[in-house]
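Worksheet for the structure shown next.
Computed over heavy atoms, backbone and side chain alike; hydrogens, waters and symmetry mates excluded. Just so it is clear, the structure is predicted and the values come from calculations on it, not from any experiment. Residue numbers run from 1 in the order of the sequence given.
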Amino acid sequence: MTELPKFNAYINGEWVAPSDGRYFETVNPYTAEVWAQVARCTPEDANRAVEAAHTALTRGEWSKLNATQRGALVHRLGDLIKEHAQELAEYEVRDNGKLINEMLAQCNYLPQWFYYYGGLADKIEGAVIPIDKPDVFNFTRHEPIGVVAAITPWNSPLLLLSFKLAPALAAGCTLVIKPSEFTSTSTLKLMELVEKAGFPPGVVNVVTGFGAEAGAALVEHPKVAKVAFTGGTESGAYVYQQAAKTLKRCTLELGGKSPNIVFDDAVLDDAIKGVISGIFAATGQTCIAGSRLLVQEGIYDEFVTRLVDFARSARMGNPLDPNTQVGPVTTPQQYDKILKYIAVAKDEGAEVLLGGGPASGPECGNSKWFVQPTIFGGVHNKMRIAQEEVFGPVLSIIRFKTDEEAVEIANDIAFGLAAGVWTQSIKRALTISNAIRAGTIWVNTYRSISYMSPFGGYKMSGLGRENGIEGMKEYLQTKSVWISTATDVPNPFVMR
Ligand code: NDP
């Protein structure tokens, strides 16, 4: 029997076996085969990685680089990702079963994060404060926040890591990354490029393994200054609580139940494609899924009929086949969760308009984790299927009459990550966008992300922003420096 490829952790510039020698298996969701073994890092490994990152931050070569030199390294990493995009995308597909088209598009786009933040590295300027006191020169500096624990999920491992890695490095931070246990290998392949780009040892480290072991050790470590987390809301809230014990900064990109609102003046063909991309792309496994479809009364019947017809033609199959449109679910746990929610929706009285169960057939290969693209009609917003994140190809349709009612339904939810608005009226587009409590609003488009534009959640969808200049600020802290030029000695018992 051929031995499976074995992936070690990356700590202080070296590929290291886990301290207790244990590995876990990683499975290809389409072939259902174990294809690699990955280091199950212990808290001890996590501690070593944090120490390496802390040394690199405070005493190593990295700490002596100026911002331009740092930016050049970040840019160089972007170039290497560009050269290796196809290979990285294939690792992602093998791990998470998402479409090669989608993962390749993401990997081809990743270099932009490194070019943007690489360029920004030496444009972060402090200010000279026109201070109100005599004989004092006061200025500010924006300094790296410190060691960052970057904790990433399985749905878009490298994209969501790049949201963190590029600005953190440009800001001068060092990192320890803990990828999802389901999708560790693309992050480890990326470390080969980090090494090749010439980052000094300890600047970027990866500990693979489980959230409750390696992940928790990072969140608790006193030398970690910030946690940058993407994942589920429940885990995010727990991580936030744990991080509070050592007063860490946190950015949390969490779940969503985003409304996609189609008004009666929308271009229906465009809206149908937008709704499909919002819920069936990536097999619905995306935090920004437009999983609540709100359709205005006058167009409801026509729109829903055409939408269901379009969705029925979605091609399931091998994610490595460029013609496939819907692939398998990434993990068995997620597959069970989706089927559980389909059952919940049926129990609640939602009407199955399409799908509604597991999928099987030759197009599913050996995978046991295909779910039919599913559409529920007759949903009202208080149902669990309308309120809770499914993270799968399951759409709930809610009917509304007026603009005010649409806003009320859209906002009547604990989440606030994103929303879609489909209308030809500028007035309506602006009024509705302003009224919806969510971090991203797309008008006549859906699922657009850029390195330039801030991304993050309102309410239970998260804290802080990634991307854009705001994304860089999350990795900096401000120091105020006071220099006295006074010749007299002030009264020490009075505040100056
Ligand atoms: P989790 O939120 O559980 O995991 C995200 C990351 O956090 C993983 O690397 C995980 O490690 C790690 N983690 C989990 N618990 C801790 C902890 N206590 N301390 C430190 N790190 C921790 O997401 P899952 O991957 O389990 O998916 C569960 C649900 O989360 C999905 O059903 C979906 O609803 C949602 N989700 C949301 C995403 C988004 O983009 N907003 C992305 C992915 C999932 P490990 O994998 O080892 O548990």
Side-chain angles (χ1 to χ4, degrees), residues 5 7 9-10 24-30 35-36 38-39 41 77-78 80-81 84-114 148-169 175-194 204-211 214-215 218 227-232 235-236 251-255 281-288 319-320 327-331 333-334 391 449 451 455 466-467:
F7 288 83
Y10 184 67
F24 63 95
E25 294 178 334
T26 194
V27 175
N28 176 329
Y30 181 68
W35 74 273
V38 179
C41 290
L77 179 56
L80 289 167
I81 293 173
H84 293 265
Q86 176 78 33
E87 187 192 2
L88 292 171
E90 285 170 12
Y91 273 94
E92 300 238 284
V93 175
R94 220 166 294 152
D95 264 349
N96 71 7
K98 281 174 73 178
L99 306 186
I100 186 69
N101 284 349
E102 159 103 340
M103 299 331 279
L104 192 55
Q106 285 188 10
C107 289
N108 278 324
Y109 194 30
L110 295 186
Q112 298 306 326
W113 268 262
F114 296 86
V148 174
I151 301 179
T152 53
W154 42 260
N155 56 338
S156 293
L158 289 183
L159 180 74
L160 297 169
L161 173 59
S162 298
F163 286 14
K164 302 163 180 53
L165 181 61
L169 288 174
L175 297 97
V176 183
I177 301 163
K178 210 301 279 170
S180 164
E181 76 202 52
F182 299 103
T183 55
S184 306
T185 63
S186 57
T187 299
L188 291 168
K189 290 311 281 184
L190 183 70
M191 290 310 107
E192 291 176 9
L193 307 183
V194 163
V204 190
N205 308 271
V206 177
V207 290
T208 48
F210 300 139
L218 296 180
V227 178
F229 176 93
T230 302
S235 322
T251 38
L252 305 169
E253 300 293 352
L254 309 176
T283 317
Q285 300 175 115
T286 144
C287 52
I288 50 181
L320 283 171
V329 169
T330 299
T331 74
Q333 291 87 337
Q334 191 58 32
F391 222 70
I449 296 277
Y451 50 93
F455 175 75
E466 297 192 303
N467 302 336

If we ignore hydrogens and angles and just use 3.5 Å, is the side chain of [X] paired with the main-chain N or O of [Y] as donor and acceptor?
X: S180; Y: F182; answer: yes
X: Q112; Y: Y451; answer: no
X: N467; Y: F455; answer: no
X: S186; Y: Y91; answer: no
X: T283; Y: V329; answer: no

Please round to the nearest 0.5 Å and tell me the distance separating atom [atom1] of [X] and atom [atom2] of [Y].
X: Q86; Y: L104; atom1: CD; atom2: CG; value: 5.0 Å
X: I449; Y: I288; atom1: CD1; atom2: CD1; value: 4.5 Å
X: T152; Y: L165; atom1: OG1; atom2: CG; value: 10.5 Å
X: W154; Y: N96; atom1: CH2; atom2: CG; value: 8.0 Å

Of all residues at least two apart in sequence or in a different chain, which pass the side-chain hydrogen bond (donor to acceptor under 3.5 Å, both in side chains) check with [X]?
X: E466; value: K164
X: Q334; value: none
X: T286; value: none
X: N101; value: none

**Message:** Any donor-acceptor pair under 3.5 Å linking the side-chain atoms of T185 with those of D95?
**Reply:**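 There is such a pair (donor and acceptor under 3.5 Å, judged by atom type) between the side chains of D95 and T185.
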**Request:** Let me see the working for N155 and T330 under side chain to side chain contact (heavy atoms under 4.5 Å, CB included), right down to the final yes or no.
**Result:** CA-CA 8 Å; N155 56 338; T330 299; over 6 Å; no
What's the shortest heavy-atom distance between [X] and [Y], and which atoms?
X: L88; Y: K189; value: CD2-CB, 3.8 Å
X: P111; Y: G78; value: CB-O, 3.5 Å
X: W113; Y: S162; value: CD1-O, 3.8 Å
X: P153; Y: G231; value: CB-CA, 4.3 Å
X: I81; Y: C107; value: CG2-O, 4.0 Å
X: F163; Y: P167; value: O-CG, 3.1 Å

**Message:** Quick check: W35 with Y30 (ring centres under 6.0 Å apart)?
**Reply:**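 No, the ring of Y30 stays outside the 6.0 Å limit from the ring of W35, centre to centre.
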**Message:** Does Q106 form a side chain to side chain contact (heavy atoms under 4.5 Å, CB included) with S156? I'd like the steps, not just the answer.
**Reply:** CA-CA 8 Å; Q106 285 188 10; S156 293; 3.2 Å; yes
**Request:** Applying side chain to side chain contact (heavy atoms under 4.5 Å, CB included), run through E92 and L158 and close with a yes or a no.
**Result:** CA-CA 8 Å; E92 300 238 284; L158 289 183; 3.3 Å; yes
**Message:** Which residues pass the ring-ring contact (aromatic ring centres under 6.0 Å, His included) test with Y10, not counting sequence neighbours?
**Reply:**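 Testing Y10 for ring-ring contact (aromatic ring centres under 6.0 Å, His included), a comparison that skips the adjacent residues, returns W15.
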Are [X] and [Y] packed together at the side-chain level, in the sense that at least one heavy-atom pair is separated by less than 4.5 angstrom?
X: V206; Y: L190; result: no
X: P179; Y: P157; result: no
X: S184; Y: F24; result: yes
X: L193; Y: H84; result: yes

**Message:** side chain to side chain contact (heavy atoms under 4.5 Å, CB included) for L218 and V227? Distances and angles first, verdict last.
**Reply:** CA-CA 8 Å; L218 296 180; V227 178; over 6 Å; no
**Prompt:** Restricting to pairs with a member in residues 96-113, which pass salt bridge (Lys or Arg N to Asp or Glu O under 4.0 Å), not counting sequence neighbours?
**Reply:**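 For residues 96-113, and leaving out neighbouring residues, the salt bridge (Lys or Arg N to Asp or Glu O under 4.0 Å) pairs sorted by first residue read K98-E102, E102-R447.
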